[in-house]
Undergrad: 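Here it is, the structure in full.
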Amino acid sequence: MNEIRVFCPATIANISCGFDVLGLALDAVGDEMVVRKSREKGIVITKLEGQDLPMETHKNVAGVAGMALLEQTDYTGGFEIEIYKKIKAGSGIGSSAASSAGAVWAMNELLGKPFDALQLVAFAMEGERLASGVAHADNVAPALYGGFTLVRSYEPLDIVPIPAPSKLYATVIHPQIEVRTADSRKILKTNITLQDGIRQWGNVGGLVAALFTDDYALLGRSLEDHIVEPIRSILIPGFADIKSGALKAGALGSGISGSGPSIFALSKGLEIAQNVGEQMKKTYRDIGVDYDVHVSKINHEGIKLLD
Ligand code: ADP
């Protein structure tokens, strides 16, 4: 096997209470990549369609993540990568993570799987470091494992895969405005009160328990964030209206996807998730904001081979 084509899913990081530790993989939206072995050492990005992004190896997250993997092998050849972006960069649904994780997953397949999923997360995090200045794992982990993931610890890296209830659907709306990940990090406080901490870890525990026990009501109650959302939502037009509209349309909960500006909602069943999408669209139409909407079941397998 010298060449493969892979689907690299979009992901929702944070999921309200789980800042930098929780994430989930989507099914209805993602990039495609073709990765092939080449004789020459190193990585060359030979094609990049769909988004205006740098193709130089050291400026593209796929190149940087791929080089991190390559440095740990004794494989003497290299790889060519074609990237077909469907996820808009800076949307808050893991555009950079899809490329970082997709590159290392595909390279690992072509090399006969010398690395496990946890090692692939560590390589892909180097791509995230390039994209946002912070080597976070909350998008690359669900892209690689599928379902929901918890980053229990960064040092040492410890990823906990979490199952998703079968009727759980995500709705994501992406307002067409730019929020730079670095900016949306800069405005955050670096200290929290004990009272906020107690509420937050109570919700993280509740959310994880709900996912393991298919308890949709508990899941809804746990989708709360008293620390990051009140600050970051200031950068997102119409956030409060989108969120309250989603809840009125039947969503279990709603919050900021990753560092924004996308807003997500989780719902029980496809029909409610679609209604939530319609309500979100109406809200943005009323205030004159352009948008993309995605309604998706949870992707249980993560990155996968195509044809
Ligand atoms: P998202 O919020 O959707 O995860 P990020 O803001 O994390 O997106 O990442 C986008 C940043 O990463 C942009 O600055 C972009 O130029 C850079 N980047 C480099 N290579 C890629 C790539 N292959 N795909 C997406 N973004 C990339």
Side-chain angles (χ1 to χ4, degrees), residues 6-15 19-20 22-26 29-35 43-69 79-107 121 123-144 170 172-188 228 232 235-236 255-264 291-292 294 296 303:
V6 296
F7 171 77
C8 318
T11 44
I12 296 174
N14 301 339
I15 321 179
F19 181 66
D20 270 5
L22 286 174
L24 68 84
L26 296 171
V29 51
D31 295 343
E32 286 185 25
M33 291 172 99
V34 175
V35 179
I43 292 173
V44 185
I45 295 165
T46 54
K47 215 182 237 188
L48 205 166
E49 288 181 6
Q51 287 281 288
D52 186 17
L53 291 166
M55 286 179 73
E56 297 99 310
T57 305
H58 68 285
K59 287 189 186 162
N60 193 295
V61 298
V64 169
M67 286 306 292
L69 181 151
F79 293 93
E80 290 178 357
I81 301 180
E82 297 174 11
I83 307 175
Y84 301 91
K85 296 294 297 181
K86 308 252 171 70
I87 313 169
K88 291 184 181 161
S91 53
I93 52 170
S95 174
S96 51
S99 293
S100 306
V104 297
W105 190 90
M107 287 165 60
V121 170
F123 298 138
M125 284 166 69
E126 292 307 314
E128 294 294 74
R129 192 194 302 282
L130 173 72
S132 69
V134 181
H136 60 98
D138 50 350
N139 289 106
V140 294
L144 286 158
V172 181
I173 188 155
H174 174 209
Q176 308 292 291
I177 57 153
E178 198 186 341
V179 176
R180 287 164 37 108
T181 306
D183 292 343
S184 64
R185 266 188 186 268
K186 240 182 273 163
I187 62 168
L188 297 179
V228 177
R232 275 198 172 159
L235 300 175
I236 304 173
I256 302 170
S257 178
S259 56
S262 287
I263 303 166
F264 78 94
Y291 54 78
D292 290 330
H294 308 288
S296 175
I303 297 167

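Start at 1 with the first residue, then count along the sequence. Whatever order the structure lists ligands and atoms in, that order sets their numbers, starting from 1.
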Undergrad: Quick check on ligand 1: any N or O pairs to the protein under 3.5 Å? One line per pair.
TA:
from, atom 1, to, atom 2, distance (Å)
ligand 1, 2 (O), Gly92, N, 3.1
ligand 1, 3 (O), Ser91, N, 3.4
ligand 1, 3 (O), Gly92, N, 3.2
ligand 1, 3 (O), Gly94, N, 3.4
ligand 1, 3 (O), Ser95, N, 3.0
ligand 1, 4 (O), Gly94, N, 3.4
ligand 1, 4 (O), Ser95, N, 3.3
ligand 1, 6 (O), Thr181, OG1, 2.8
ligand 1, 7 (O), Ser96, OG, 2.9
ligand 1, 8 (O), Gly90, N, 3.2
ligand 1, 9 (O), Ser96, OG, 3.3
ligand 1, 20 (N), Val61, N, 3.1
ligand 1, 23 (N), Asn60, OD1, 2.9
ligand 1, 23 (N), Asn60, ND2, 3.4
ligand 1, 23 (N), Ser99, OG, 3.0
ligand 1, 24 (N), Lys85, NZ, 3.0
ligand 1, 24 (N), Ser99, OG, 3.3

Undergrad: Between Glu126 and Ser100, does any side-chain donor sit less than 3.5 Å from a side-chain acceptor?
TA: no
Undergrad: Can you name the closest pair of heavy atoms from Gln51 and Lys88 and give their distance?
TA: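 Of all heavy-atom pairs spanning Gln51 and Lys88, the closest is OE1-CA, 3.5 Å.
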Undergrad: For Ile43 and Gly63, which heavy atoms make the closest approach, and how far apart are they?
TA: CD1-O, 3.9 Å
Undergrad: How many angstroms lie between atom NZ of Lys47 and atom CD1 of Ile81, to the nearest 0.5 angstrom?
TA: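 One gets 14.5 Å once the value is rounded to the nearest 0.5 Å.
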Undergrad: How about Tyr84 and Val34: do any of their side-chain heavy atoms sit closer than 4.5 Å?
TA: yes
Undergrad: Using 0.5 Å steps for rounding, measure from the CD1 atom of Ile256 to the CZ atom of Phe264.
TA: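 Answer for the CD1-CZ pair, Ile256 versus Phe264, is 9.0 Å.
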